[in-house]
Colleague: 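Can you keep this structure in mind? I'll have questions shortly.
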Number of protein chains: 2
Amino acid sequence: MMRITALEEYGLRCLLNLARLGVDRQMSIAEVAEREAISVPYASKLLALLRKGGLVVASRGRAGGFTIARSPDEISLYDVLTVLGGPLVDPNHCNRFAGQRDTCVHLGNCSIYHVFQGLADHVQDFLTETSLEDMINRKAVDFARRKSSGPMLYEGPMGSRDSAENPSGNFDAS
Amino acid sequence: MMRITALEEYGLRCLLNLARLGVDRQMSIAEVAEREAISVPYASKLLALLRKGGLVVASRGRAGGFTIARSPDEISLYDVLTVLGGPLVDPNHCNRFAGQRDTCVHLGNCSIYHVFQGLADHVQDFLTETSLEDMINRKAVDFARRKSSGPMLYEGPMGSRDSAENPSGNFDAS
DNA sequence: CTTATACCCTACAAAGGAGTAAAGTATTTT
DNA sequence: AAAATACTTTACTCCTTTGTAGGGTATAAG
C-alpha cells in the first residue's frame with residue numbers, strides 16, 4: 001500500500017517542470033523528457049494524461065509546447081495524483097475484493113472498510129493542502145500533530161547534498 | 001497510490017478470522033477459505049505469508065490449523081501490512097524511479113521526496129496505532145484533528161445492512 | 001505550398017502481481 | 001504400519017501496468 005506508481009511519480013515530475021515556469025512560459029516534450037531523464041515517447045504519454053486531466057495546456061505546431069493550466073498554488077497534489085493514478089481510494093473496492101462470489105461476504109458489516117476510509121480521509125486532507133507551489137518552495141504542510149513553526153526546509157534523503165549532477169543551472173529539481 | 005493490494009486485503013481478512021479466535025483456538029485453511037469466499041490454495045498462500053511474517057503459527061497433521069501468534073491487541077495494522085505488502089514506503093524509491101540513468105536526476109535535491117516522506121510518517125502513525133483488536137471492536141483511532149469522543153461505530157459503505165449472507169452465525173465479519 | 005517542428009493517437013512487447021494447480025511433507029487416527 | 005487429514009512448496013497461467021514504437025495531425029517559417 002502507499003506505493004507510488006510510475007505514472008504518478010514521473011507525471012508529477014513533468015508537471016513540476018511546467019509549474020516552475022508559471023502560466024506564461026511553455027516547454028516542449030523533448031525538453032521535459034531530457035530534464036527528467038525519460039524517453040520522449042514516455043514524456044508524451046505522461047503530458048497527454050496531464051492534458052486530458054486539465055492540468056496542462058498544449059499548443060501544437062512548430063512553436064508548440066506545454067503550459068501549466070493554472071497557477072501552481074491552485075493545483076494540489078491531490079489534483080495531480082487523481083489525474084495520474086485514478087481516485088485515491090478505489091470506489092469499487094468492495095466489489096474488487098469480493099472473492100469468488102458476486103458480492104463481498106462482509107458487505108455492510110466490514111471491519112476493514114471504516115479503518116481504511118478514515119485513513120484515506122487523512123491522506124486526502126494532506127494531499128489537498130499541499131500545492132505544487134508548496135512543493136517547489138519545499139514548504140511542508142502543517143498536518144496533524146506535526147508542529148511546524150515556519151516553513152520546514154528539506155534535508156536530503158541520504159545526507160548527500162553534493163551528488164546532484166545538473167550542470168545546467170536552473171530548474172534542476174523535481 | 002494508496003491502493004490496497006489483493007495480498008494485503010485478503011491476507012488481513014484471513015488474519016482477522018484468527019484474531020477473533022484469540023491465541024487459544026485454531027482454524028484450518030479450509031475454514032478460513034470458506035469464510036472469506038476464496039479458494040483453498042489461495043488461502044494457503046496467504047496464511048503461509050502470515051506465518052513467515054511471524055503473525056500466525058501453524059500446526060500440521062490431522063488436527064492441524066492456524067493460530068494467531070500474539071494477542072490481537074499486540075498486532076498493529078502496520079505489522080500486518082508490512083508482512084503482506086512489504087515496507088510501507090519503498091526504501092528503494094529513489095532508485096526505482098531513476099529514469100534512464102543509473103541514479104535519479106534529482107537525488108539530493110528532490111521536491112517530491114520530503115513531501116511523501118512526511119505523508120508516509122503520518123500514515124505509519126495511524127497504522128501503528130490501530131490494532132487488530134481495534135478493528136474487531138470497530139474502534140477508530142483518535143488521529144490528527146479528528147475528534148472522536150468515545151468509540152466510533154461503523155456505518156456501512158452503502159447503507160445496506162441486511163445484505164450480509166452468512167447463515168453460519170458467528171464470526172461473520174472481517 | 002512545401003517543409004520542418006511538435007503534439008496526438010493507437011497498438012504492442014516486457015515485467016510484475018493475482019490466483020490456480022499439483023505434488024510433497026508432517027501428524028494423528030485406526 | 002496404513003490411511004486420512006492438513007500444512008508446504010514450487011511452478012504455471014492470466015491480467016494489469018510499464019515503457020516503447022510508429023504513423024498521424026496541426027502550426028509556423030520560408
Side-chain angles (χ1 to χ4, degrees), chain A residues 1 3-14 18 25-34 36-53 55-67 69 84-86 90 92-93 95-101, chain B residues 1 3-14 18 25-34 36-53 55-69 81 84-86 90 92-93 95-101:
Chain A
M1 94 166 277
R3 178 139 314 185
I4 311 291
T5 69
L7 254 54
E8 290 166 339
E9 171 82 19
Y10 289 123
L12 174 56
R13 286 195 207 168
C14 290
L18 303 182
R25 284 182 290 169
Q26 63 179 7
M27 191 182 283
S28 70
I29 291 182
E31 195 169 356
V32 171
E34 191 189 350
E36 293 305 326
I38 60 181
S39 72
V40 170
Y42 195 27
S44 295
K45 187 180 197 170
L46 295 166
L47 286 166
L49 259 176
L50 292 169
R51 182 181 59 77
K52 285 168 189 162
L55 297 179
V56 303
V57 175
S59 72
R60 292 162 71 143
R62 184 158 180 177
F66 285 88
T67 310
L84 292 168
D90 187 353
N92 204 33
H93 181 100
N95 226 307
R96 263 180 74 213
F97 297 116
Q100 292 175 328
R101 302 195 192 179
Chain B
M1 98 164 274
R3 178 139 314 182
I4 312 291
T5 69
L7 253 56
E8 289 167 340
E9 170 82 20
Y10 289 122
L12 174 56
R13 286 197 208 168
C14 291
L18 303 181
R25 286 181 290 170
Q26 64 178 5
M27 192 182 282
S28 71
I29 290 181
E31 196 168 356
V32 171
E34 192 189 350
E36 293 306 325
I38 59 180
S39 72
V40 170
Y42 195 28
S44 294
K45 187 181 197 170
L46 295 167
L47 286 166
L49 257 177
L50 293 168
R51 182 182 58 75
K52 285 167 188 162
L55 297 179
V56 304
V57 176
S59 73
R60 289 161 74 141
R62 182 157 181 175
F66 286 88
T67 310
I68 198 158
L81 294 181
L84 292 168
D90 187 352
N92 204 32
H93 180 100
N95 227 306
R96 264 180 73 212
F97 298 116
Q100 292 175 328
R101 302 196 191 176

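Every chain is numbered from 1, with letters handed out A, B, ... down the list of sequences.
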Colleague: What distance separates Asn95(B) CG from Asp90(B) CG, expressed to the nearest 0.5 Å?
Modeller: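 One gets 9.0 Å once the value is rounded to the nearest 0.5 Å.
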
Colleague: Dump every N/O contact between nucleotides 27-30 of chain C and the protein below 3.5 Å, one line per pair.
Modeller:
from, atom 1, to, atom 2, distance (Å)
dT27(C), O2, Arg62(B), N, 3.4

Colleague: Given Leu46(B), which of Ile38(B), Ile29(B), Val56(B) fulfils the side-chain contact (heavy atoms from CB on, under 4.5 Å) condition?
Modeller: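 Going through the options one by one, the only one that passes is Ile38(B).
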
Colleague: Please tell me which of Ala58(B) and Gln100(B) maps to the more 5' nucleotide of DNA chain D, matching each residue to the nucleotide holding its nearest heavy atom.
Modeller: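 With Ala58(B) and Gln100(B) compared, the 5'-side residue is Ala58(B).
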
Colleague: For residues Tyr42(A) and Glu36(A), determine if any side-chain heavy atom of one lies less than 4.5 Å from a side-chain heavy atom of the other.
Modeller: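 Side chain of Tyr42(A) against side chain of Glu36(A), heavy atoms only: no contact under 4.5 Å found.
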
Colleague: Using a heavy-atom cut-off of 4.0 Å to chain B, what are the terminal contacting nucleotides of DNA chain D, in 5' to 3' order?
Modeller: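 Range of nucleotides touched by chain B: dT5(D) to dT20(D).
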
Colleague: Could you state the OH-P distance from Tyr10(B) to dG17(C), rounded to the nearest angstrom?
Modeller: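 The answer, rounded to whole Å, is 18 Å.
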
Colleague: Roughly how far, to the nearest 0.5 Å, is the SG atom of Cys14(A) from the CE atom of Met27(A)?
Modeller: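 These two atoms lie 10.0 Å from each other.
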
Colleague: Between atom CG of Leu55(B) and atom CG of Leu84(B), what is the distance when rounded to the nearest 0.5 Å?
Modeller: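 If we round to the nearest 0.5 Å, Leu55(B):CG and Leu84(B):CG are 7.5 Å apart.
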
Colleague: Between Leu47(B) and Phe97(B), name the one whose nearest nucleotide on DNA chain D is closer to the 5' end.
Modeller: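 Residue closer to the 5' terminus by nearest nucleotide: Leu47(B).
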
Colleague: Tell me: CG of Leu7(A) to P of dG16(C), nearest whole Å?
Modeller: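 After rounding, the reported distance stands at 17 Å.
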
Colleague: Just N and O in the side chain of Arg51(A): are any of them under 4.0 Å from OP1 or OP2 of dC9(C)?
Modeller: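 Affirmative; the distance criterion is met.
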
Colleague: Without decimals, in angstroms, what is the distance between Arg3(A) CZ and dA18(C) P?
Modeller: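 Taking atom P of dA18(C) as the reference, CZ of Arg3(A) is at 11 Å.
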
Colleague: Mind checking if Glu9(A) touches a base, just sugar-phosphate, or nothing, with heavy atoms under 4.0 Å?
Modeller: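 The answer is nothing, as Glu9(A) stays clear of every strand by at least 4.0 Å.
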
Colleague: With a cut-off of 6.0 Å (strictly less than), are more than 12 heavy atoms of other residues, nucleotides or ligands near CD of Gln100(A)?
Modeller: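 More than 12 heavy atoms, drawn from other residues, nucleotides or ligands, come within 6.0 Å of this atom.
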
Colleague: Could you tell me whether a side-chain N or O of Glu9(B) sits under 3.5 Å from a main-chain N or O of His93(A), the two making a donor and an acceptor?
Modeller: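 Side chain of Glu9(B) to backbone of His93(A): no pair is present.
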
Colleague: Which heavy-atom pair separates Glu8(A) from Gly85(A) by the least distance, and what is that distance?
Modeller: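 So the two residues come closest at OE2-CA, 3.5 Å.
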
Colleague: Assign Ser44(A) to base, sugar-phosphate, or nothing according to its heavy-atom contacts below 4.0 angstrom with the strands shown.
Modeller: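 Contact class for Ser44(A): none.
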
Colleague: I want to confirm an ordering. Mapping Ser39(B) and Phe66(A) to their closest nucleotides on DNA chain C, which one lands closer to the 5' end?
Modeller: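 Result of the comparison: Phe66(A).
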
Colleague: What does Ala48(A) touch in the nucleic acid at a heavy-atom separation under 4.0 angstrom: a base, only the sugar-phosphate, or nothing?
Modeller: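 Counting heavy atoms under 4.0 Å across all strands, no contact is made by Ala48(A).
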
Colleague: Rounded to the nearest angstrom, tell me the gap between atom NZ in Lys45(A) and atom P in dC7(C).
Modeller: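 Lys45(A) atom NZ is separated from dC7(C) atom P by 17 Å.
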
Colleague: What's the CD-P distance between Glu31(A) and dT5(C), to the nearest Å?
Modeller: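 Atom-to-atom, Glu31(A) to dT5(C), this comes out as 16 Å.
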
Colleague: Round to the nearest Å and state the distance from Asp90(A) atom CG to dA18(C) atom P.
Modeller: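 These atoms are roughly 14 Å apart.
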
Colleague: Rounding to an integer number of Å, can you tell me how far Leu49(A) CG sits from dC8(C) P?
Modeller: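 After rounding, the reported distance stands at 12 Å.
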
Colleague: Under 4.5 Å between any side-chain heavy atoms of Leu47(A) and Leu18(A), yes or no?
Modeller: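 Of all side-chain heavy-atom pairs linking Leu18(A) with Leu47(A), at least one is under 4.5 Å.
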
Colleague: Rounded to the nearest 0.5 Å, what separation is found between the NZ atom of Lys45(A) and the OH atom of Tyr10(A)?
Modeller: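 Interatomic distance, Lys45(A) NZ to Tyr10(A) OH, rounded to 0.5 Å: 13.5 Å.
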
Colleague: Measure the distance from CG on Leu46(A) to C1' on dC8(C) and round it to the nearest whole Å.
Modeller: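 Interatomic distance, CG of Leu46(A) to C1' of dC8(C): 14 Å.
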
